[in-house]
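Remarks on the structure that follows.
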Amino acid sequence: MPRGRGLSSPSAARLFVLSALLHHLRGLNICTSGSATSCEECLLIHPKCAWCSKEEFGSTKFITSRCDFVENLITNGCVGELETPKSSINIMENLPLSSKGSSLTLSDVTQIMPQKISLNLRPGDKTSFRVQVRQVEDYPVDLYYLMDLSLSMKDDLDNIRNLGTKLAEEMRKLTSNFRLGFGSFVDKNISPFSYTAPRYQNNPCIGYKLFPHCVPSFGFRHLLSLTDKVDSFNEEVQKQKVSRNRDAPEGGFDAILQAAVCKEKIGWRKEASHLLVFTTDDVPHVALDGKLGGLVQPHDGQCHLNEANEYSASNQLDYPSLALLGEKLDENNIHLIFAVTKAHYILYKNFTALIPGTTVEILHQDSNNIIQLIVKAYNSIRSKVELTVWDSPEDVSLTFTATCQDGFLYPGLRKCADLQIGDTVSFEVSVEARSCPAENTSHTFTIKPAGFRDTLEVEVAYNCTCGCTKRMERNSSKCSGNGTYTCGLCECNSGYLGSKCECEEGENGNMYQNMCREAEGKPVCSGRGECSCNQCVCYKSEFGRIYGLFCECNDFSCARYKGVLCSGHGECHCGECKCHAGYIGDNCNCSTETNRCVSNDSQMCSGRGNCVCGKCQCTEPGAFGETCEKCPTCPNVCSTKRDCIECMLHNSGGLADNQTCPKHCKDEIITRVDVLKTDDQHSVLCVYPVNNCVMKFTYSELPNGKSNLTVLKEPECGSAPNALTILLAVVGSILLIGIVLLVVWKLLVTIHDRREFARFQSERSRARYEMASNPLYRKPISTHSLDFTFNKLSKSYNGTID
């Protein structure tokens, strides 16, 4: 298949994703990195990529990419034969916006501008156009009043008997062209939604004491087509009677859909604003609820009103879904107003988020606020503009930026609110093709404000084919008569090879291919070039040179250090760094010189570290600096700084003697103070003796690398001790210690005595004899009793012997 025929959608999508990834790599030429083999593939990589269709292009030694940025192609000698199409816009219909709606020819009223445009999109090349929308003054209004006639709405029905007259009076303050219609609903007349027993067929209210008489249940009934005769509305409302269903939810969604799609019977005008007022005091049945009654067929979205204007498919089709409702309402430019009781306001408010152009208001229990509710909802609808998109192609992405009345830009927003009648708002619409569909494919989508009849029709064509593709030459002499010449390249016929199709396949062809392989099983020309008969022609790379008999070498694939090839201290040869003199390592980042490691005291790394690759690596804890010369916590830091203090302040010490003070102490900042602060946590206190006195200074490191030394102006010299004071202090201490010991001894004795006395008192209280008796006294007479028995004169005696 010739290259000029385009790409399939999956291939185009993959190329476009690849280009998006490459676009995020800094410093990478996304055009050449995409490896495009045809003009069409090049266009998909990035919108700034161009293709050179010139026959003789590039070098004979290297393959120069024909897909590149325009400036690069011109530099390489491609002038006048560039393929670089751009996205374009053509406005086909652009009538001005109208200012008033009530005119003799309402079809001429225009609320959106422009009305029709065509786009020619190159993938990835974003283009934009501006859409203006205006809510014109005195625009005609068609209002269809859809009422729940279940038993709980009886008091509401009584309150709207004269609704038509009052509502017409209020609406004519807003528009001079107003029409009104009426319909009602209850629920599907099947079980379990309604009473279906024979005795309930004519009167489902039998046995209900509060209201024993009502009409049979019905799904939806269209009662009055849209008319400007409000008396007809009043008459029709007065004829109505309530009905009764079994469960709490109502069949209102069935009624809404029929009122939306039965345009001829309802009487919706194309040139009017359509309002559908839905009044109820309960929740609705939704899709799949019909399965409870055996209804498994989804709603078809069609009109099913019979000759009696009743919904004939109520007992055959399931309830409609929210998505179907939203589609049909928007398709017929209908603004839905939910007028519901406060208990169900939140539920219907959630519905408005799923159905564009819908509002919800709170209805009083007896509907006495219905006129104010409708006027408020109408004003709310007219105060906002929201764009919707129909039939948007999958290959096209749309982004919106709104410019509302305050003049500010709102990216990502397609809605403006708080508008007055006659205000104009605009939207910037950015369009981008994500990929190329099949050849000769075009799409059409529609942009329209929710609830408006006015639309903007957008035709989309895809600029995915290069102009040079149309000029292809089959069996061209430029391809040795063995291929098709397209956009500067030869596509060889079967059995031929080479950039000019000059070589034959078969045994010779296999030989040519094998001669371009470094070893058996390896890619042809290492995957970095093309085999032209028996010789590799290497690709040209933006990163450097590809070379070698089999294109196996390059000068850019060596190790790097901090992003620099071979650390800037070597040359890259076939994937290996060849280091300059004085450098070693895989990436040549290690210097062999040690001059930078010698500190001011001529020591290697100040004796606190090792010299590695020309830099000091400090091993002493706390040491830092280029030569580890800074170390606030090292043991000898005070003696080192002392030498600088003596040298710079007093011109004394070893450094002053050998004239090395300026060299060793060039980074020391010395400050002399009267009182030395020693509470700084980041400084080290140093002390050294001077002539029987003590000199103190603090040492700390500054952020700029210098050392801060704060020195007392004069040494601290203490006075001789007073012998008398020391003697008195010693004697006083001995006396004080003796007194303390005596007090402690006395305290312990007192505690012991008190404990003994308490124990004596306790033992005496436990004695059981009286104080006047002698416990040792014993009576002189003792009595003993002995029990015995003896027989004397045939008598028995018991007695006691004393």
Side-chain angles (χ1 to χ4, degrees), residues 3-4 6-54 57-59 62-79 81-88 120-128 395-397 399 430-437 462-469 486-489 523 525-530 537-546 551 554-558 560 563-565:
R3 288 178 180 144
L7 297 171
S8 63
S9 294
S11 300
R14 285 194 293 269
L15 270 173
F16 195 76
V17 171
L18 174 63
S19 69
L21 293 174
L22 293 175
H23 181 62
H24 288 84
L25 299 177
R26 296 185 56 187
L28 189 65
N29 187 328
I30 56 178
C31 300
T32 59
S33 300
S35 301
T37 58
S38 69
C39 182
E40 282 71 21
E41 289 183 7
C42 180
L43 299 185
L44 284 173
I45 292 175
H46 193 270
K48 291 185 178 180
C49 294
W51 179 268
C52 179
S53 60
K54 187 177 180 181
F57 175 70
S59 170
F62 299 99
I63 298 177
T64 304
S65 176
R66 291 179 177 270
C67 183
D68 206 338
F69 296 117
V70 173
E71 55 271 21
N72 294 344
L73 293 176
I74 294 175
T75 302
N76 290 329
C78 187
V79 180
E81 298 185 57
L82 293 174
E83 296 287 339
T84 173
K86 301 292 182 183
S87 296
S88 61
N120 195 2
L121 301 179
R122 174 182 174 178
D125 188 19
K126 185 179 293 186
T127 187
S128 61
D395 298 315
V396 174
S397 65
T399 56
S430 297
V431 189
E432 180 181 359
R434 288 190 282 258
S435 61
C436 279
Y462 299 90
N463 200 346
C464 297
T465 306
C466 298
C468 60
T469 304
T486 307
C487 297
L489 295 176
C525 298
S526 304
R528 300 174 177 176
E530 292 182 358
V537 181
C538 302
Y539 293 137
K540 187 177 180 180
S541 173
E542 61 176 309
F543 300 110
R545 187 168 65 95
I546 299 175
C551 302
N554 63 68
D555 60 359
F556 54 82
S557 294
C558 293
R560 298 171 183 264
V564 181
L565 190 67

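The first residue of the sequence shown is numbered 1, and numbering continues consecutively from there.
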### Task
For K126, look at atom NZ and say whether over 12 heavy atoms of other residues, nucleotides or ligands are found less than 6.0 Å away.
no
### Query
Is the closest side-chain heavy-atom distance between I74 and L82 below 4.5 Å?
yes
Tell me the closest heavy-atom pair linking [X] and [Y], and the distance in Å.
X: C487; Y: C39; result: SG-CB, 4.1 Å
X: A50; Y: C42; result: O-SG, 3.4 Å
X: C558; Y: L565; result: O-CD1, 3.6 Å

Treating [X] as the side-chain partner and [Y] as the backbone partner, does any N or O pair qualify as donor plus acceptor under 3.5 Å?
X: R66; Y: G488; answer: yes
X: E83; Y: C468; answer: yes
X: D125; Y: S87; answer: yes
X: R122; Y: T84; answer: no

Spacing of [X] atom [atom1] and [Y] atom [atom2] [to the nearest 0.5 Å]:
X: I45; Y: E40; atom1: CD1; atom2: CD; result: 12.0 Å
X: N120; Y: S88; atom1: CG; atom2: OG; result: 4.5 Å
X: S397; Y: R434; atom1: OG; atom2: CZ; result: 5.0 Å
X: L73; Y: S65; atom1: CG; atom2: OG; result: 7.5 Å
X: C78; Y: N72; atom1: SG; atom2: CG; result: 11.5 Å
X: T75; Y: F69; atom1: OG1; atom2: CZ; result: 12.5 Å

### Message
Under a plain distance cut-off of 3.5 Å, with no hydrogens placed, do S557 and N554 share a side-chain donor-acceptor pair?
### Response
yes
#### Entry: Criterion side chain to side chain contact (heavy atoms under 4.5 Å, CB included) on L43 and W51, from CA distance to verdict
CA-CA 8 Å; L43 299 185; W51 179 268; 5.5 Å; no
### Task
Let me see the working for E81 and S53 under side chain to side chain contact (heavy atoms under 4.5 Å, CB included), right down to the final yes or no.
CA-CA 6 Å; E81 298 185 57; S53 60; 3.6 Å; yes
### Task
Inspect cysteines C525 and C551 and report if their side-chain SG atoms are under 2.5 angstrom from one another.
no
